[in-house]
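What follows is a short report on a single structure.
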Amino acid sequence: VGSEMCIRDRSDGILPPETSNPELNEHFDMIDAQLTTEIFGLLSPVNTINALKMSYLPIRTTSRGDAAMVSEFYVSMHSLASTINQNKPLDEELIRISELASRTLDKDSYSLKMYEYVKKKFESGIKWEQTRDSIYKRYQVDQMDGYDITSRNLYCNGCFASGINFASSLVSLFYGRGDFKETIKIGTLSGWDSDNPTSTWGGLLGFIYGKDHIEEIFNKSLSFHFTLYFVACKSIIKISINGYNKNIGKEYFHSLFSL
């Protein structure tokens with residue numbers, strides 16, 4: 001939805017990062033940016049500063065505030081995945097890099113409070129289903145920690161919002177303990193916009209494990225031929241090209257490919 005508003009803004013002559021300005025894009029705090037920018041972490045292994053620099057403008061094409069911070073958390077996780085010690089338990093290593101990635105979250109943000117809350121529930125030893133249900137009550141019923149999406153009366157109670165999906169994704173990250181199938185299963189069953197957190201962790205674990213191990217898990221070869229359909233592809237390309245041609249973000253485009 002944030003991307004749709006961005007395209008509308010572009011048709012009015014507005015360019016990134018103004019396309020995520022809350023005064024122009026009412027969906028600035030939805031899930032959009034975290035779906036498309038985590039790859040910058042893989043493009044900058046270990047160096048999270050560089051990864052965040054590369055992803056700064058792409059994230060703020062659609063997102064601001066907590067949604068931008070959460071996107072930076074995912075970017076950092078993917079960058080830090082290259083620091084995983086293969087000689088240590090993967091579940092412990094994932095928690096280690098998540099602690100480092102959580103530094104992208106402001107101390108007064110609801111996203112940091114969500115991170116701390118879900119991690120505390122995980123460490124208490126209760127089942128993932130209980131943690132998931134407590135997230136629903138805390139954030140969508142009681143609207144704690146400054147998360148007020150419910151009060152905005154959005155479609156499906158803001159099931160596509162960045163915040164609630166961030167909290168949900170942490171359930172599958174922690175309780176999945178690095179097991180590929182278990183992580184995807186929990187992420188799917190947790191609900192909300194559940195295909196997105198599962199895609200994020202599936203991609204992260206796929207990177208950590210590598211192609212051969214993923215093929216072993218599913219006992220089949222991966223395909224390398226896909227037919228993809230992009231509804232907004234032409235509009236997004238136009239945003240980038242027009243921004244470049246008008247010297248808006250030109251420096252950014254050059255720096256991105258010269259790193």
Side-chain angles (χ1 to χ4, degrees), residues 1-7 9 16-41 51-52 55-78 98 101-119 131-132 135-174 187-188 190-204 232:
V1 289
S3 298
E4 182 181 0
M5 295 294 288
C6 167
I7 293 170
D9 289 342
E18 278 303 294
T19 46
S20 64
N21 185 331
E23 294 182 3
L24 303 173
N25 190 337
E26 63 188 282
H27 295 306
F28 69 94
D29 53 356
M30 298 299 119
I31 199 171
D32 299 70
Q34 64 195 69
L35 310 181
T36 56
T37 58
E38 58 210 20
I39 191 173
F40 289 102
L52 294 174
S55 61
Y56 184 88
L57 183 58
I59 286 173
R60 285 158 184 82
T61 298
T62 58
S63 300
R64 293 283 181 99
D66 281 84
M69 283 186 275
V70 167
S71 297
E72 291 180 333
F73 172 88
Y74 290 123
V75 169
S76 297
M77 285 289 288
H78 282 70
S98 75
S102 69
R103 295 175 183 176
T104 64
L105 311 173
D106 288 350
K107 63 181 181 67
D108 296 323
S109 65
Y110 65 68
S111 50
L112 179 60
K113 293 180 175 65
M114 286 177 166
Y115 177 85
E116 293 172 340
Y117 177 78
V118 177
K119 188 166 181 281
T131 297
R132 185 271 175 208
I135 288 171
Y136 169 74
K137 185 176 188 305
R138 183 177 182 86
Y139 293 111
Q140 293 210 290
V141 176
D142 298 335
Q143 301 189 77
M144 300 286 285
D145 299 330
Y147 188 72
D148 62 355
I149 288 292
T150 297
S151 68
R152 289 160 60 179
N153 297 313
L154 298 174
Y155 171 76
C156 72
N157 199 15
C159 63
F160 41 80
S162 170
I164 198 65
N165 283 284
F166 175 57
S168 176
S169 79
L170 295 173
V171 176
S172 52
L173 174 66
F174 295 145
T188 302
S190 291
W192 291 293
D193 211 353
S194 62
D195 59 319
N196 298 311
T198 50
S199 296
T200 292
W201 300 140
L204 182 73

Between Gln34 and Thr200, do the side chains contain a donor N or O and an acceptor N or O under 3.5 Å apart? no
Would you confirm whether Asn21, through its side chain, and Glu23, through its main-chain N or O, come within 3.5 Å as a donor-acceptor pair? yes
Between Asp66 and Met114, is there a side-chain heavy-atom distance shorter than 4.5 Å? no
Among residues at least two apart in sequence or on other chains, which ones pass salt bridge (charged side-chain N to carboxylate O under 4.0 Å, His left out) with Arg132? none
Within the 4.5 Å heavy-atom criterion, are Val118 and Val171 side-chain neighbours or not? yes
If you look at every heavy atom in Thr37 and Ser55, which pair is closest and at what distance? O-CB, 4.5 Å
Here the gap from Arg138 atom CZ to Ile164 atom CD1, rounded to the nearest 0.5 Å, amounts to 11.0 Å
Are any side-chain N or O atoms of Asp29 and backbone N or O atoms of Ala67, one a donor and one an acceptor, separated by less than 3.5 Å? no
Between Leu52 and Thr104, is the side chain to side chain contact (heavy atoms under 4.5 Å, CB included) condition met? List the steps. CA-CA 10 Å; Leu52 294 174; Thr104 64; 4.3 Å; yes
Grab the two heavy atoms, one from Ser194 and one from Thr198, that are nearest each other, plus how far apart they are. O-OG1, 2.8 Å
Rounded to the nearest 0.5 Å, what separates atom CH2 in Trp192 from atom CD1 in Ile135? 6.0 Å
Quick one: pull up CG in Leu170 and CZ in Phe73 and give me the separation to the nearest 0.5 Å. 5.5 Å
Do you know which two heavy atoms are closest between Leu105 and Ser111, and how far apart they sit? CD2-OG, 3.7 Å
Classify the angle between the aromatic ring planes of His27 and Phe160 as parallel (below 30°), tilted (30 to 60°) or perpendicular (above 60°). perpendicular
Compare all side-chain heavy atoms of Phe174 with those of Ser98 and state whether any distance is below 4.5 angstrom. yes
With a 4.0 Å cut-off on N to O distance, would you call Arg60 and Glu72 a salt bridge? yes
When you measure from the side chain of Asp193 to the backbone N and O of Ala161, does any donor-acceptor pair fall under 3.5 Å? no
To the nearest 0.5 Å, what is the distance between SG on Cys159 and CG on Asn165? 7.5 Å
What pair of heavy atoms forms the shortest contact from Tyr147 to Gly163, and how long is it? CE1-CA, 3.7 Å
Should the ring pair Tyr115 and Phe166 be called parallel, tilted or perpendicular, given that the plane angle runs from 0 to 90° and is split at 30 and 60? parallel
Strictly distance-based, threshold 3.5 Å: is any side-chain N or O of Arg64 a donor or acceptor partner for the main-chain N or O of Pro17? yes
Search all heavy atoms of Glu38 against all heavy atoms of His78 and return the closest pair with its distance. O-CB, 3.5 Å
Near Leu154 CG, under 6.0 Å, is it more than 12 heavy atoms from other residues, nucleotides or ligands? yes
Residues that Asp142 engages under side-chain hydrogen bond (donor to acceptor under 3.5 Å, both in side chains), provided they are two or more places apart: Lys137
Heavy-atom closest pair (Asn157 atom, Ile149 atom, distance to 0.1 Å) is O-CG2, 3.7 Å
Main-chain N/O of Pro16 paired with Ser20 side-chain donor or acceptor, under 3.5 Å: no
